[in-house]
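Have a look at the structure below before the remarks.
Atom set for the values below is all heavy atoms of this structure, side chains included, hydrogens, waters and symmetry mates excluded. Convention: sequence-line order gives letters A, B, ...; per-chain numbering from 1. Just so it is clear, the model here is predicted, and its values are computed rather than measured.
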Amino acid sequence: MLPGSEEKVFTIMQRYQDSQLYRIRHSTAHVMAQAVLEKFPEAKIAIGPPIEDGFYYDFDLPRPLTEEDQVEIEKRMREIIREGHEFIRREVSAKEARALFKGQPYKLELIDGLERGGVDEYGEKTDEPVVISTYRQDTFEDLCRGPHVANTREINPDAINITFKAPAGAYWRGDENREMLTRIYGTAWQTPEQLAEYLELLEEAKKRDHRRIGQEIGLFTFSQLVGKGLPLWKPKGAVLRDLLERFLRDVQLSRGYEPILTPHIARVRLFETSGHYPYYKDSQYSPFEVEGELFMLKPMNCPHHIQIYKDELRSYRDLPVRYAEFGTVYRYEKSGELHGLTRVRGFTQDDAHIFCTPEQLEEEFLKVADLVEFILNSVGLTDFRARVGIRDPESDKYVGEDEGWEHATQAIIACADKRGLDYTVEEGEAAFYGPKLDYIIRDALKREWQISTIQVDYNLPARFELEYVGEDNERHRPIMIHRALYGSMERFVAVMIEHFAGAFPAWLSPVQVVMIPVADRHLDYAREVAAQLRDAGLRVEVDDSAGRMGGKIRSATTQKIPWMLIVGDRDIEKSAVSVRLRSGEDLGAMHVADFITQASHIVETKALQLA
RNA sequence: GCCACCCUAGCUCAAUCGGCAGAGCAAACGCUUCGUAAGCGUUAGGUUAAGGGUUCAACUCCCUUGGGUGGCUCCA
């Protein structure tokens, strides 16, 4: 049932695991563990695998780790590496292993697992019979499957770093009910240049952090009094969000969607019927009582939308029905999980639900996929891949009959194939009511963000007993497609900020043009031109502050305003403006009318470039 | 929620060992009127997140609470 793309992911992982870089990182993790144990002989060691971009090792340490400790450990690691120790593998019996790791409770637990079989030293399931092996370099011997480099000399001591990231807490075996260990992250590369490049990328990501840029250009803020995870949109942020919403609203209208509006709360019974309440109780806010009846904040919009569908008897001639709403939902996220605009407690989804017949399913799904790709391309997120999320066969957090799941999964895969999408299939990524197709974009720094989602649902129509009257005059059950393109407006804006580093395409810039007079006597002309631009539909501000021209240019540049129009005597004479872009490019003087034509064209075509 | 760290003016940050809370930007006011990334000056701005404790003395040490950061867990 799984198509070839799963194999593709597997091969990428396999290629990494077979690589020299993987062995270097795995070996550096061992070297780090040795250095840590030398410093803290009473430390307990857990596991230390390579990860994307580096490695980590988890320890149970006698005290919190300081920056100085990290510097010291890193220094010692370089010494160990330079000493040129061989990595020596040996296979041991469970009994020998237990003797070897006496006093290391985490290792002993791992050995138990290995002996029982079926689980490797990282707790991952494996079908192969497990051989217990160890690797030793210098004084340090670790329970490990490998592979490693032959000698520490293969590690470049100037291409490793463990101080770039603060030590972090991590649960033993990823279980929040178990011990909290100290995780030290490290990164290791083959050359110092690669390390420098990686560290620069982290710097760049920091500079693009939407929380920082959002503050700098005045898009949003948070208030202690309002509460954590509840963003407040300032005027410029609200303009940006409104532009995105308006664009999508217009496109949806032209593609047969009908806008609806629903309230933010509902009776708990609604979510008991939908199945949200029992399944996701932990991530919902406590119900509150109103006149003896329990209500709650809505964690999803679908049940509300379904009630509108149910308000009328539907004929097959009415279908598909496509209801769209920018619906605000509230979900309880643990305080430590909150993060800027990307993880919040109240957010607005560009939600829509399509009710269709089984015969219409494929066509409707493909139409949504087309819409998704049109929107992503329009906003400049042109690098994306897709993921088919299916049930985790081990988990019981799903509702409904196998048959519906099977149909839905097959329909999604058929559509993805038909569209020629580059996709992977991943278990456990389904919604609780159905499988889905997610679009994952890659931003300017090649980081991935899950944005759009299309979900096929046989379950909620059954739970709510949805019907339509078919050609045969019999009652039939419609299928629902849930979809969101931006996903959540909050998260989407965050992604846009980081992707464009705050320098949005002109059509999305909260302020598109700033008028900068050379001297105060040019202010009247600046205001006149501003009025003309405003009439032409451009968002323009006049910088009438006390500073000098240079300062105003600097200020507009840091605010990432696309066009600066500098006006002085020379421009007034010719009814012109001198155009400077936020990139610093000087386009020289042009007639006001010409600027309006050019700028309007760039805005209307949603061009990514300003010239 | 858990582990670690942090919170000083609107913003970004100083303040040696526990000994008089300070700067830049922004703001207000004044001077300057200037052609492509910061003109000059003056003023104002603080219960050092809040509360408690130790001390002759707390921004500094301890505790509680709130908020933030990096991770973990979670993310329908």
field: Below 4.0 Å: OP1/OP2 of A37(B) and any side-chain N or O of Lys552(A)
entry: no
- prompt: If you measure only the distance, is there a donor-acceptor pair under 3.5 Å linking the side chains of Asp58(A) and Trp172(A)?
  reply: no
message: Taking atom types as they are modelled, would you say the side chain of Asp569(A) forms a donor-acceptor pair with the base of G35(B) within the 3.5 Å cutoff?
response: no
query: Per the salt bridge (charged side-chain N to carboxylate O under 4.0 Å, His left out) rule, which among Arg208(A), Arg442(A), Arg447(A) passes with Glu498(A)?
result: Arg447(A)
- request: For side chain to side chain donor-acceptor pair (under 3.5 Å), just list the numbers for Glu401(A) and Tyr458(A), CA-CA rounded to whole Å, side-chain angles, deciding distance to a tenth of an Å, and then say yes or no.
  value: CA-CA 9 Å; Glu401(A) 303 303 318; Tyr458(A) 283 80; over 6 Å; no
message: If the cut-off is 4.0 Å, is Tyr185(A) near the phosphate of C72(B), judged by side-chain N/O to OP1 or OP2?
response: yes
query: Is there a donor and acceptor pair closer than 3.5 Å between the side chain of Ser283(A) and the base of A76(B)?
result: yes
statement: Separation of G35(B) atom P from Tyr525(A) atom OH, nearest Å, is 18 Å
Pair Glu448(A) + Arg387(A), salt bridge at N-O below 4.0 Å: no
- request: Searching all strands shown, indicate the nucleotide that pairs with A44(B) (Watson-Crick or G-U wobble; both distances under 3.5 Å).
  value: none
- prompt: Taking only side-chain nitrogens and oxygens of Arg178(A), does any of them come within less than 4.0 Å of OP1 or OP2 of C72(B)?
  reply: no
query: OP1 or OP2 of C74(B) less than 4.0 angstrom from a side-chain nitrogen or oxygen of Arg331(A), does that happen here?
result: no
task: Kindly indicate whether the side chain of Arg343(A) and the base of C74(B) share any N or O donor-acceptor pair separated by less than 3.5 Å?
output: yes
- request: Taking only the side-chain nitrogens and oxygens of Arg521(A), find out if one of them lies under 4.0 Å from OP1 or OP2 of C34(B).
  value: yes
